[in-house]
Protein chains: 2
Amino acid sequence: MEPRKRPGRTPAPAGRTSRPRQAEVARLAGVSQATVSLVLSPKPDGKGRIISEETRQRVLEAARSLGYVPDPAARRLAAARNNLLGVFSFTATFPTDVQHSYYPFLVGVEREAAALGYDLVLFTGSSTGGAGAAGPDALSRVRLADGCLFIGRHTPRAELKRLVEDGFPVVHLGRREELEGVAWVGADYVEATSEVVGHLAELGHRRIVLVREDDDAPASSDRQRGFLEGLEAAGLPSGPTTVFRSADPQRDLTPERLRAWADEGVTAFVAEETDTGAAWRGLLSAVREAGLDCPTEVSLALLGSPPADLAGEPEPTGFDIPRPQLGAAAVRLLAALVAGEEAREPLVSCVFRPGLTAGPPRSHP
Amino acid sequence: MEPRKRPGRTPAPAGRTSRPRQAEVARLAGVSQATVSLVLSPKPDGKGRIISEETRQRVLEAARSLGYVPDPAARRLAAARNNLLGVFSFTATFPTDVQHSYYPFLVGVEREAAALGYDLVLFTGSSTGGAGAAGPDALSRVRLADGCLFIGRHTPRAELKRLVEDGFPVVHLGRREELEGVAWVGADYVEATSEVVGHLAELGHRRIVLVREDDDAPASSDRQRGFLEGLEAAGLPSGPTTVFRSADPQRDLTPERLRAWADEGVTAFVAEETDTGAAWRGLLSAVREAGLDCPTEVSLALLGSPPADLAGEPEPTGFDIPRPQLGAAAVRLLAALVAGEEAREPLVSCVFRPGLTAGPPRSHP
DNA sequence: CGGCATCGTTAATGCGTATTACCTAATGCG
DNA sequence: CGCATTAGGTAATACGCATTAACGATGCCG
């Protein structure tokens with residue numbers, strides 16, 4: 001029987017000059033393609049050095065004279081790894097409304113990814129992305145990468161879980177203990193918040209109120225927990241009235257409300273940081289409208305960093321979230337998962353920021 | 001003769017769940033791998049053989065339930081396309097020192113890429129010169145994508161040229177006419193700068209000085225050209241003394257220098273925008289130190305947007321670079337190149353910004 | 001009723017590289 | 001000197017997908 005004709009792809013036009021392949025290097029050096037590959041991709045452990053120095057040089061010379069550059073696609077296909085890490089945020093990665101909110105994380109993510117030799121694929125939850133539909137399986141696009149980093153306060157649990165169950169390496173930036181099996185890296189809000197409360201207590205404040213938004217994200221509840229723990233550690237009362245929770249602090253936090261608290265003996269306020277910074281903004285404007293001076297008449301603290309547009313204001317007492325470090329830690333963890341290693345300690349400490357908005361209470365000498 | 005053993009790669013561990021392949025989708029749908037490929041990558045021209053609707057749906061259903069995503073490397077290797085566009089910047093894409101410099105571009109890039117159905121790969125080569133990225137072939141990694149967008153004031157010409165010669169679609173964000181064959185999208189600095197000068201001349205300024213950094217990037221020389229053209233168009237003298245060029249404007253731009261100019265009759269200054277904003281900063285502080293009021297005693301204009309940390313200052317007269325639109329235009333151009341179409345008009349107009357730092361000169365009623 | 005398009009699907013490739021099993025000579029050893 | 005070992009290298013895969021010749025099953029027409 002005749003050998004059947006070759007179906008396959010049309011062979012490349014002979015005349016066309018294209019990038020040199022290993023095969024051409026091999027021909028020029030008078031060796032086989034496999035030898036070229038062995039020479040050009042040396043194994044880290046010196047065990048692979050079975051090619052004689054002479055041949056090695058011949059191959060290297062041939063490769064250089066042809067200007068050979070390995071094809072990354074082929075390389076990655078053969079290695080069964082793409083050296084790609086995904087970054088998925090549930091809002092646009094580059095939001096225009098919430099100015100630059102993820103930027104500091106990305107700084108660390110990019111740097112660490114580069115250091116580890118990974119490139120990044122940016123996915124967006126909001127976009128109607130090309131590869132897949134915007135539907136419920138939008139998340140499956142991330143499988144294109146070797147692993148994926150997720151950023152955002154709110155997370156679709158079910159789909160994430162699906163990825164994890166399939167053995168796809170996933171790291172969440174932000175505490176996600178309630179999602180079984182999802183690796184995460186987070187800031188230690190509990191400890192940091194507690195520390196801020198301790199600082200206020202040391203200054204002499206006896207009644208402190210936490211202002212938070214109406215949001216059940218872990219970042220919020222962690223701060224509340226740290227707040228209560230801090231009160232307790234300082235021996236201060238911690239009733240439910242010490243936490244003011246509002247869906248719209250800028251509306252609900254009126255000057256009257258503030259004065260009422262002051263009359264009750266509240267001398268310090270603590271606000272959580274969110275995307276919008278609504279709690280802090282509400283607090284600031286209420287204090288201003290009430291005509292109270294900070295920090296002589298009232299002390300304020302911000303559990304995080306101030307919004308960028310408030311850069312001109314006096315530096316708030318509170319703590320800084322080491323976002324670049326968090327991003328870097330997340331990438332390290334993800335890379336470890338991709339390499340099949342185990343997850344490690346996920347908490348990154350925050351840095352206390354003395355700031356200028358807290359001082360001793362008035363009645364306290 | 002016995003069929004020889006299969007050398008090749010060790011088959012994947014049976015128990016391990018890995019990313020689904022077309023073969024698995026095929027098995028689940030009861031068809032062949034080829035059918036899956038035909039269904040999942042439909043030819044643009046409807047000429048291709050058509051798979052029956054029933055089979056099509058079965059395959060799509062199977063693919064969805066498995067969360068199948070095509071392997072970009074394999075796709076690329078098989079000489080098709082990825083739906084991936086690369087983004088490569090010659091400095092870190094998310095720099096720490098020069099805050100947010102590329103961010104506004106990326107906003108447009110991301111949005112447009114999503115709209116056209118592409119995902120983005122952020123090549124992290126330049127930031128730290130990480131693993132294997134330092135070499136002269138650092139750029140070749142971008143070949144994993146269908147095409148690549150390059151951002152940065154300074155560009156390694158040789159390597160970019162190599163990519164272009166090999167027929168790889170490349171678009172540079174920023175004018176690059178001197179690089180033969182490199183497509184680019186840029187802001188029309190010449191026209192915009194000329195317009196700003198015209199505005200100053202109309203206000204009555206007769207002597208205007210341009211402050212620029214010692215940098216030969218096209219963005220700088222375009223502004224200078226526009227500046228000189230603007231002077232000419234307004235019938236103003238344009239000697240070499242009208243351009244002040246300094247490697248460190250914040251040092252060289254002394255209050256004394258400023259007063260000397262004022263004595264010579266200079267009533268307006270124009271600064272270029274750069275990554276660091278050094279020219280503008282130098283100008284501002286020199287004016288302040290010289291005790292001159294702006295805009296009553298001296299008019300200032302900024303050829304671009306002010307640095308983020310000067311957001312509190314009065315809005316500078318000058319123009320805005322429509323960065324998101326530029327990013328979007330670059331992506332559109334790149335997508336066109338990937339599709340094999342021709343390049344089109346690359347210039348995007350800037351938007352004049354009246355601002356508050358320019359007014360009629362003092363001696364002018 | 002046989003030839004012959006037509007339709008739907010599959011088998012068999014190729015892309016460029018990495019990885020092994022295997023082969024051949026040269027060398028070592030008792 | 002005979003056999004085991006090592007050094008140096010090659011052939012034959014596999015990686016996952018796209019492509020296309022070929023094939024079986026119809027339906028159509030003369």
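Hydrogens, waters and symmetry mates play no part in the numbers below; they use all other heavy atoms, side chains included. Convention: sequence-line order gives letters A, B, ...; per-chain numbering from 1.
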Can you identify which nucleotide, out of dT10(D), dC17(D), dT17(C), has its nearest atom closest to the Tyr68(B) side chain? dC17(D)
Nearest-neighbour nucleotide for the Ala74(B) side chain, dC17(D), dT19(C), dT9(C) considered: dC17(D)
Figure out the CD1/P separation between Ile51(B) and dT19(D), and round it to whole Å. 13 Å
From the set dC17(D), dG9(D), dT17(C), return the single nucleotide nearest to any side-chain atom of Thr55(A). dG9(D)
Can you tell which of dA12(D), dC17(D), dT10(D) lies closest to the side chain of Arg75(B)? dC17(D)
Whole-Å distance between dG9(D) P and Gln57(A) CD? 13 Å
Proximity to the side chain of Ser41(B) - top-ranked nucleotide from dA18(D), dG16(C), dT10(D): dA18(D)
For Gln22(A) and Gly30(B), find the nucleotide of DNA chain C closest to each by heavy atoms; which residue's nucleotide sits nearer the 5' end? Gly30(B)
Would you check if there is a donor-acceptor pair between the side chains of Gln57(A) and Glu61(A) at a distance under 3.5 Å? no
Counting N and O atoms only, with roles assigned by atom type, does the side chain of Arg58(A) sit under 3.5 Å from a partner on the main chain of Ala29(A), one being a donor and the other an acceptor? yes
Once rounded to the nearest 0.5 Å, what's the spacing between atom CG of Leu326(B) and atom CD of Glu112(B)? 12.5 Å
Could you tell me which nucleotide pairs with dG30(C) by Watson-Crick or G-U wobble geometry, both distances under 3.5 Å, or answer none if nothing does? dC1(D)
Which nucleotide in dT20(C), dT17(C), dG16(D) has an atom nearest any side-chain atom of Arg21(B): dG16(D)
At 4.0 Å (heavy atoms only), tell me whether Val36(A) reaches a base, stays on the sugar-phosphate, or touches nothing. nothing
Distance check needed: dT13(C) P versus Leu77(B) CG, whole Å only. 18 Å
What integer distance in Å separates Asn83(A):CG from dA18(C):P? 12 Å
Integer-rounded Å distance: dG14(C) C1' and Asp71(A) CG: 14 Å
Shortest side-chain distance from Ser52(B), nucleotide among dT17(C), dT9(C), dT19(D): dT9(C)
Is a side-chain N or O of Asp146(B) found less than 3.5 angstrom from the main chain of Asn82(B), in a donor-acceptor match? yes
Spacing of Leu144(A) atom CG relative to dC17(D) atom P, expressed in whole Å: 11 Å
Of the listed nucleotides dT19(D), dT19(C), dT10(C), the one nearest the side chain of Ser37(A): dT19(C)
Measure the CG-CH2 distance between Leu333(A) and Trp184(A) for me, rounded to the nearest 0.5 Å. 10.5 Å
Ser41(B) (side chain) donor-acceptor with Leu38(B) (main chain) under 3.5 angstrom: no
Given dT10(C), is OP1 or OP2 found less than 4.0 Å from the side-chain N or O atoms of Thr35(B)? yes
Listed nucleotide nearest any side-chain atom of Ala34(B), set dA12(D), dC17(D), dA12(C): dA12(C)
Separation of dT19(D) atom P from Gln33(B) atom CD, nearest Å, is 12 Å
Distance in angstrom units between Arg76(B) CZ and dT17(C) P, rounded: 14 Å
